[in-house]
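Only a predicted model underlies this, so the values are computations on that prediction, with no experimental measurement involved.
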Amino acid sequence: MTADRPTTPTTVDPAAAQSRRPLPGARPSPRAAARRGRDRKARVLPGPEGRRRADGVRPTAAVVGAGIAGLAAATALAERGVAVTLYERQPYLGGRVGGWPTRLSDGSPVTMSRGFHAFFRQYYNLRGLLRRTDPALRRLTGLPDYPLLHAGGARDSFRRVPRTPPFSALGFALLSPSFGLRDLRTLDPAAALPLFDVRVPDVYTRLDDLSAHDFLDAVRFPDQARHLAFEVFSRSFFADPRQLSAAELALMFHIYFLGSAEGLLFDVPRAPFPAALWDPLADYLRRHGATVRTDTPVDHVAPTPDGGHRITTGHDETHHDGVVLALDTAGLRSLVARSDRLGDAAWRERIARLRTAPPFLVTRLWLDRPVAADRPGFLGTSGFATLDNISVLERWEDEAARWAARTGGSVVELHAYAVPAQAARDVEEKRLVEQLHRVYPETRGATVVDSRHEWRDDCPLFPVGGYRDRPTIHTPDARLTVAGDLVRTDLPVALMERAATTGFQAANALLRQWGLRGQTLWTVPDRGRNAVLRGLARWASG
């Protein structure tokens with residue numbers, strides 16, 4: 001397997017980066033869609049140089065999987081004139097951020113999904129993808145706070161915390177009731193210094209063989225504040241901190257708190273995912289000549305003598321000059337196992353060793369009465385059994401708001417991350433509702449008009465020591481690339497942003513081979529922001 005080969009980050013004039021002339025029918029242009037937020041130290045990675053569009057015989061590409069990674073790859077390829085076919089086994093787009101129609105017992109048509117997702121301002125490349133159809137991102141709205149509640153009574157908020165490091169860390173310590181002067185005195189500053197100079201892939205060399213739990217032990221992170229590190233960061237990976245690589249935890253701290261000036265507040269879609277995000281993007285892809293095939297799982301991929309690949313579905317076989325595999329962990333493992341000529345033995349063995357995170361549960365309740373008016377749209381929780389957060393959807397989503405206004409009720413969503421695999425599902429579903437009653441007591445008397453419980457276990461696990469086994473964008477087959485949040489990339493990205501970024505990188509790898517211009521990317525700073533703290537971190541690491 002070849003290593004990732006990202007372009008060396010450079011600082012450029014953002015106005016110049018956004019002033020490129022758009023392609024016909026594309027507003028904004030691929031380069032204009034790639035932009036930083038407020039952080040002046042954000043980094044730009046110019047895409048491959050080349051022709052603006054394919055001329056003559058158009059290259060063909062198959063993108064297998066229409067989650068964020070696959071949609072990003074398909075978009076970048078189609079914009080350059082590549083004849084793209086996007087394959088998706090589900091009837092909807094968006095992958096783990098998708099949605100599908102259902103009907104409630106009261107007859108209301110609604111959209112169900114796999115639950116809440118926060119679109120952070122650091123997600124430059126994901127937001128660039130969404131700008132293809134929503135240049136001003138008007139389909140997103142910002143939540144005013146990111147509140148956290150511990151069962152012991154401790155509360156925290158990021159609304160008043162400064163966004164620019166190191167003032168963000170200092171401001172949080174001064175404003176948070178979870179930290180006291182005694183807690184600050186107990187911290188081991190030498191053990192914490194790696195957090196102030198996170199670089200990829202160096203952070204994996206230093207911390208991948210340590211768990212997030214053990215790292216926080218070494219830092220002597222105060223017990224009362226541990227829920228912040230776990231719920232805000234490590235449990236975002238749907239994993240117990242004892243299973244999660246400390247390198248991933250450190251990277252999360254860098255992206256959201258210590259390395260970026262974008263802060264920890266975030267946006268959410270104003271409408272269900274299909275209407276707000278993916279239906280417009282599907283139309284955009286079709287206008288650029290792409291074929292979108294939902295309900296079409298790919299059974300087999302085989303290399304052909306000309307360097308391309310043959311894609312086999314239950315309906316047909318087609319030849320493509322390039323392929324992007326943008327699948328979840330289980331899907332990638334399964335397709336590679338069935339496609340015995342892909343890659344080489346070492347690559348196939350690494351794919352086979354990939355693991356998924358523990359199951360998670362999303363429960364959505366349509367209640368016959370509202371929750372209290374002062375309840376936030378989103379609340380992170382800790383210490384309430386398996387309950388990790390509560391969303392009140394009518395606070396921001398138009399479909400839920402219409403239902404609540406018509407019925408006088410409320411639409412509440414509950415998340416439980418990393419549920420024990422042996423847990424009884426009916427017991428966990430009841431327990432989650434019981435914890436809602438603890439946190440929002442006014443819901444005890446509410447009648448549940450209808451409910452949906454989504455159990456899933458398809459998120460990637462980033463285990464201790466697992467970085468070396470994760471696939472990169474490149475594979476032993478030059479025209480076969482891999483994308484997704486499971487993919488290893490030498491850029492400071494995670495979660496949905498890793499999916500979007502690697503999707504664009506996978507497309508760039510193919511565009512470079514065809515002499516076509518690629519997608520410009522932005523990331524948070526690729527090292528610690530403060531020279532003094534960087535020096536101390538290097539000193540502490542020996």
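- Sparse packing is recorded around CZ of Arg89, with 12 or fewer heavy atoms of other residues, nucleotides or ligands lying under 6.0 Å away.
- When atom types are taken as modelled, the side chain of Arg529 and the backbone of Gly259 share a donor-acceptor pair closer than 3.5 angstrom.
- The CG atom of Leu365 lies 11.0 Å from the CZ atom of Arg452; values are rounded to the nearest 0.5 Å.
- A salt bridge links Arg498 and Glu248; the closest N-O separation between the charged side-chain nitrogens and carboxylate oxygens is under 4.0 Å.
- With Phe238 as the aromatic partner, Arg96 does not meet the cation-pi criteria of under 6.0 angstrom to the ring centre and within 45 degrees of the ring axis.
- Judged by distance alone, the side chain of Trp278 and the main-chain N or O of Ala66 form no donor-acceptor pair under 3.5 Å.
- Note that the NE2 atom of His288 and the CD atom of Glu79 stand 5.0 Å from one another [nearest 0.5 Å].
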Which atom pairs, one a donor and one an acceptor, fall under 3.5 Å between side chains of residues 324-334 and the rest of the protein, sequence neighbours left out?
residue, atom, partner, partner atom, Å
Asp328, OD1, Ala330, N, 3.4
Asp328, OD1, Gly331, N, 2.7
Arg333, NH1, Leu354, O, 2.6
Ser334, OG, Arg338, NH1, 2.4

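- Within the 4.5 Å cutoff, the side chain of Leu129 has heavy atoms near those of the Leu281 side chain.
- Counting heavy atoms from C-beta outward, Phe120 and Leu264 have side chains that approach closer than 4.5 Å.
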**Study point:** Verdict with reasoning, Val524 to Tyr124, per side-chain contact (heavy atoms from CB on, under 4.5 Å)
**Key:** CA-CA 8 Å; Val524 302; Tyr124 303 129; 4.2 Å; yes

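- Taking the side chain as every heavy atom from C-beta outward, His453 and Leu432 never approach each other to under 4.5 Å.
- Applying the side chain to side chain contact (heavy atoms under 4.5 Å, CB included) test to Arg425 and every residue at least two apart in sequence or in another chain returns Glu429, Trp455.
- Contact of the Trp403 side chain with the Val449 side chain is registered, since non-hydrogen atoms from C-beta on lie closer than 4.5 Å.
- Judged purely by atom type and a 3.5 angstrom limit, Thr381 uses its side chain to pair as donor or acceptor with the backbone of Leu387.
- Side-chain atoms of Thr443 never come within 3.5 Å of backbone atoms of Ala446 as a donor-acceptor pair (strictly under, hydrogens ignored).
- By the 30° and 60° cut-offs, the orientation of the rings of His415 relative to Tyr417 is perpendicular.
- Rounding to the nearest 0.5 angstrom, the gap separating the CZ atom in Arg270 from the OG1 atom in Thr141 is 4.0 Å.
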**Study point:** Full working for side-chain contact (heavy atoms from CB on, under 4.5 Å) between Ser105 and Trp366
**Key:** CA-CA 10 Å; Ser105 58; Trp366 287 262; over 6 Å; no

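- Relative orientation of the Tyr146 and Phe158 rings is tilted, given thresholds of 30° and 60° on the angle between their planes.
- With respect to Lys430 and Asp426, no salt bridge is recorded, no charged nitrogen being found less than 4.0 Å from a carboxylate O.
- Side-chain atoms of Gln122 never come within 3.5 Å of backbone atoms of Ser260 as a donor-acceptor pair (strictly under, hydrogens ignored).
- In this structure, the side chain of Glu428 does not engage the main chain of Val419 through any donor-acceptor pair within 3.5 Å.
- With contacts defined as side-chain heavy-atom distances shorter than 4.5 Å, the pair Asp450/Val110 does not qualify.
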**Study point:** Evaluation steps, ring pair (Phe, Tyr, Trp, His ring centres under 6.0 Å), between Phe119 and Phe266
**Key:** CA-CA 5 Å; Phe119 289 70; Phe266 51 78; 9.3 Å; no

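- Of the possible polar contacts, one joining the Arg132 side chain to the Gly128 backbone as a donor-acceptor pair under 3.5 Å is found.
- Looking only at atom types and distance, the side chain of Thr501 has a donor-acceptor partner in the side chain of Asn125 under 3.5 Å away.
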Review point. Going through the distances and angles, do Thr133 and Arg139 end up as a side-chain hydrogen bond (donor to acceptor under 3.5 Å, both in side chains)?
Key: CA-CA 10 Å; Thr133 64; Arg139 298 193 197 111; 3.1 Å; yes

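- Pairs of residues two or more places apart, or lying in two chains, that qualify as ring pair (Phe, Tyr, Trp, His ring centres under 6.0 Å) and include a residue from residues 89-113 are Tyr92-Trp100.
- Rounding to the nearest 0.5 Å gives a distance of 8.0 Å between CD1 of Ile390 and CG of Leu149.
- Every residue meeting the side chain to side chain contact (heavy atoms under 4.5 Å, CB included) condition with Ala401, not counting sequence neighbours, appears here in chain and number order: Glu394.
- Judged purely by atom type and a 3.5 angstrom limit, Asp39 uses its side chain to pair as donor or acceptor with the backbone of Ala261.
- Evaluation of the salt bridge (charged side-chain N to carboxylate O under 4.0 Å, His left out) test over residues 365-378, restricted to residues two or more places apart or in two chains, returns Arg375-Glu442.
- Using a distance-only test at 3.5 Å, with no hydrogens or angles considered, a donor-acceptor pair links the side chain of Thr502 to the main chain of Gly484.
- Taking CZ of Phe196 as the reference point, atom CZ of Phe253 lies at 9.5 Å (rounded to 0.5 Å).
- In this structure, Arg406 and Ser108 have side chains that are in contact, with non-hydrogen atoms separated by less than 4.5 Å.
- Within the structure, salt bridge (charged side-chain N to carboxylate O under 4.0 Å, His left out) pairs that include any residue of residues 110-124 comprise Arg114-Asp458, Arg121-Asp267 (at least two apart or interchain).
- Using a 4.0 Å cut-off between charged nitrogen and carboxylate oxygen, Arg127 and Glu262 do not count as a salt-bridge pair.
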Check your understanding: Does the pair His254 and Val203 meet the rule for a side-chain contact (heavy atoms from CB on, under 4.5 Å), with working shown?
Key -> CA-CA 11 Å; His254 175 78; Val203 67; over 6 Å; no

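- A distance of 10.0 Å separates CZ of Arg131 from CG of Leu126, quoted to the nearest 0.5 Å.
- In the displayed structure, Arg138 atom CZ is contacted under 6.0 Å by at most 12 heavy atoms of other residues, nucleotides or ligands.
- At a threshold of 4.5 Å between non-hydrogen side-chain atoms, the residues Gln243 and Pro358 count as touching.
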Exercise for review: Dump the intermediate steps for side-chain contact (heavy atoms from CB on, under 4.5 Å) on Arg38 and Thr164, then the final yes or no.
Suggested key: CA-CA 10 Å; Arg38 68 182 291 272; Thr164 303; 3.5 Å; yes

